[in-house]
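These notes are about the structure you will find just below.
Both ligands and their constituent atoms are indexed starting at 1 by order of listing. Heads up: numbering here begins at 1 and tracks the sequence. Only this structure's heavy atoms are used, side chains among them; waters, hydrogens and symmetry mates stay out.
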Amino acid sequence: MRILVLGGDGFCGWPAALHLSQLGHDVDIVDNLSRRRIDAELGADSLTPIRTPEERIAAWQEVTGKTIGFHPTDIAQDYDGLVALLARTRPDVIVHFAEQRAAPYSMKSPVQKRYTIDNNVNATHNVLAALVETGVDAHLVHLGTMGVYGYGTAGMRIPEGYLDVKVDGEDADGTPTGELIDQTILYPTNPGSIYHMTKVLDQHLFAFYAKNDKLRITDLHQGIIWGTNTAETQLDERLVNRFDYDGDYGTVLNRFLMQAAVGYPLTVHGTGGQTRAFIHITDMVRCIALAIENPPAGGERVKIINQLTETHRVRDLAQLICEITDAQMELVPNPRQESAENDLFASNDTFLDLGLEPTTLSEGLLAEVEETARRYADRADLTKIPASSLWTKNQEVGAPSRVPETA
Ligand SMILES: NC(=O)c1ccc[n+]([C@@H]2O[C@H](COP(=O)([O-])OP(=O)(O)OC[C@H]3O[C@@H](n4cnc5c(N)ncnc54)[C@H](O)[C@@H]3O)[C@@H](O)[C@H]2O)c1
């Protein structure tokens, strides 16, 4: 199949593009390199030394003989360029990773709030409008987040996107009819940041275009990714994936493993009672391939799949890492506005039914990530580790009391 990977230079997009190419698909990456520019803005580079897209793609060709195209289009700003690209390449599948994805970055200041809304909502809407304009019948696979459901305790098993409800029927004049009306609605959203809000807005755009234009769309409600490399990125050092460890982009488990590797106390926000959904990076690339192999038929509602393999409480993860390494942990003020403690129980039946065999947390895999972090520890800037983006004014920054000066 001909596949466009939007955001294919990023943490998820790069290993997904390589995996799809390895499976024999004809892959093109579209990426405006905004994530690399944000690295420069924050002064926090990937811990791993990632090569330029051109070097990465040349290395892939050298190692495997397979070619991947690269288009530096900004899909949020350059609508005409996107239309021309779709008309030229006529993909069978578009995998859409191309959004600003850090909740803390999206809450930094009005500049980043506005950028995240402008970029993410326009990127998604431009793809949808361009599919309709060009008449390209591609299956759109979008990366959403489990965060659209909110991070409170639901008191129930969170379904895959839709909730069946019964409501009391009423006449037009408001008189109860005594009937119970069945309805299926999008699971009520409860975004915890501007970033999560953009994924909520994406969901509504998808619902409209699936209904109005019969577009075929799969929305993957993904958990937090952990791990760094996949079978393909390990083939050559020049294919190495990015590893974010800073307070804005570092995802919690990878950040803890990096902190353990450099002897920095694990910074647990609040009580660490937050329960989150996780998925290993190798399962993420498998899920993308499975979603591509199982598209919805045209005219159906958006196919929503929860892409997670396990849930964990943050302080339990920190404790586990302290047990297998000699790391210390420290509770620091939580920069986010969220429940101090929550339970999370979510369905992930679709991918399991499609044959996904989950790679769950194991000491071996944790050690592998810590080892990667240790190898590149001299590239770390420890001052970038504390979370400095605050959800409201007058909060305390989550820095630990004692930190080593260098890695
Ligand atoms: N990393 C996670 O743990 C995680 C968890 C859940 C969901 N997701 C979702 O998966 C997707 C990818 O996440 P990631 O971790 O790879 O993020 P990332 O920032 O590493 O990658 C996103 C890529 O998209 C590109 N991009 C952004 N805006 C663009 C635009 N307007 N035009 C072209 N390219 C653009 C960036 O340059 C970057 O390379 C995101 O949509 C994110 O919301 C990620």
Side-chain angles (χ1 to χ4, degrees), residues 4-17 28-42 44-46 48 50 52-53 56 70-79 81-82 85 94-106 115-127 130 141-149 191 193-203 219-228 230 233 241-244 246 248-255 276-281 283-285 287-288 291 305-309:
L4 285 190
V5 180
L6 312 179
D9 186 50
F11 174 57
C12 297
W14 175 242
D28 278 40
I29 285 174
V30 182
D31 200 300
N32 68 347
L33 307 187
S34 51
R35 178 67 191 88
R36 292 180 187 243
R37 282 195 291 279
I38 294 174
D39 271 348
E41 172 194 328
L42 298 174
D45 253 346
S46 163
T48 47
I50 52 171
T52 64
R56 286 176 143 186
F70 173 62
H71 310 270
T73 312
D74 184 327
I75 65 162
Q77 300 287 329
D78 183 7
Y79 177 72
L82 177 62
L85 182 64
I94 298 177
V95 190
H96 174 22
F97 294 97
E99 294 182 83
Q100 190 300 100
R101 71 101 170 131
Y105 183 80
S106 79
Y115 165 71
T116 303
I117 293 278
D118 289 349
N119 186 65
N120 293 5
V121 179
N122 275 323
T124 296
H125 188 249
N126 282 350
V127 173
V141 178
H142 170 256
L143 274 292
T145 164
M146 287 293 294
V148 296
Y149 302 125
S193 71
I194 290 293
Y195 155 70
H196 291 104
M197 174 57 91
T198 64
K199 299 289 182 177
V200 168
L201 298 173
D202 284 348
Q203 283 202 116
D219 196 7
L220 302 173
H221 287 187
Q222 182 168 259
I224 300 169
I225 302 286
W226 70 282
T228 172
T230 59
T233 66
N241 197 18
R242 66 177 303 126
F243 189 129
D244 297 309
D246 62 286
D248 280 327
Y249 278 88
T251 51
V252 61
L253 188 45
N254 277 7
R255 192 164 47 81
R276 295 285 186 264
F278 292 89
I279 179 166
H280 191 261
I281 195 156
D283 282 352
M284 179 275 294
V285 302
C287 286
I288 301 292
I305 311 179
N306 291 345
Q307 187 166 307
L308 74 149
T309 51

Min heavy-atom dist [X] to ligand 1 below 4.0 Å:
X	value
G8	no
W14	no
N120	no
H96	no
G144	yes

In the protein, which heavy atom is nearest to atom 29 (C) of ligand 1, and how far is it?
->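 Atom 29 (C) of ligand 1 sits closest to the protein heavy atom N32 OD1, 3.4 Å.
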Closest protein heavy atom to atom 12 (C) of ligand 1, given as residue, atom name and distance to 0.1 Å |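 The closest one turns out to be F97 O, 3.5 Å.
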Contact check, side chains of [X] and [Y], non-hydrogen atoms, under 4.5 Å:
X	Y	answer
N306	M146	yes
R101	T145	no
W226	T251	no
N32	I75	no

Can you find an N/O atom of I75 closer than 3.5 Å to an N/O atom of ligand 1?
->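 So ligand 1 has an N or O lying under 3.5 Å from an N or O of I75.
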Using distance alone, determine whether I225 and ligand 1 share an N or O pair under 3.5 Å.
->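 Yes, there is a polar N/O contact under 3.5 Å.
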Please could you name the atoms of ligand 1 that Q222 approaches to less than 4.0 Å, counting only its heavy atoms?
->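 Here the atoms of ligand 1 in question are 4 (C), 5 (C), 6 (C), 7 (C), 8 (N), 9 (C), 10 (O), 44 (C).
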K199: numbered ligand 1 atoms lying under 4.0 Å from its heavy atoms =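 Answer, ordered by atom number: 40 (C), 41 (O), 42 (C), 43 (O).
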Determine yes or no for a side-chain-to-main-chain donor-acceptor pair under 3.5 angstrom, with T48 supplying the side chain and F243 the backbone.
->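 Yes, T48 side chain to F243 backbone: donor-acceptor pair under 3.5 Å.
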Charged N to carboxylate O under 4.0 angstrom, R36 versus D31?
->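 Result for this pair is no, no salt bridge flagged.
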H96 and T124: side chain donor to acceptor below 3.5 Å =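 There is such a pair between these side chains.
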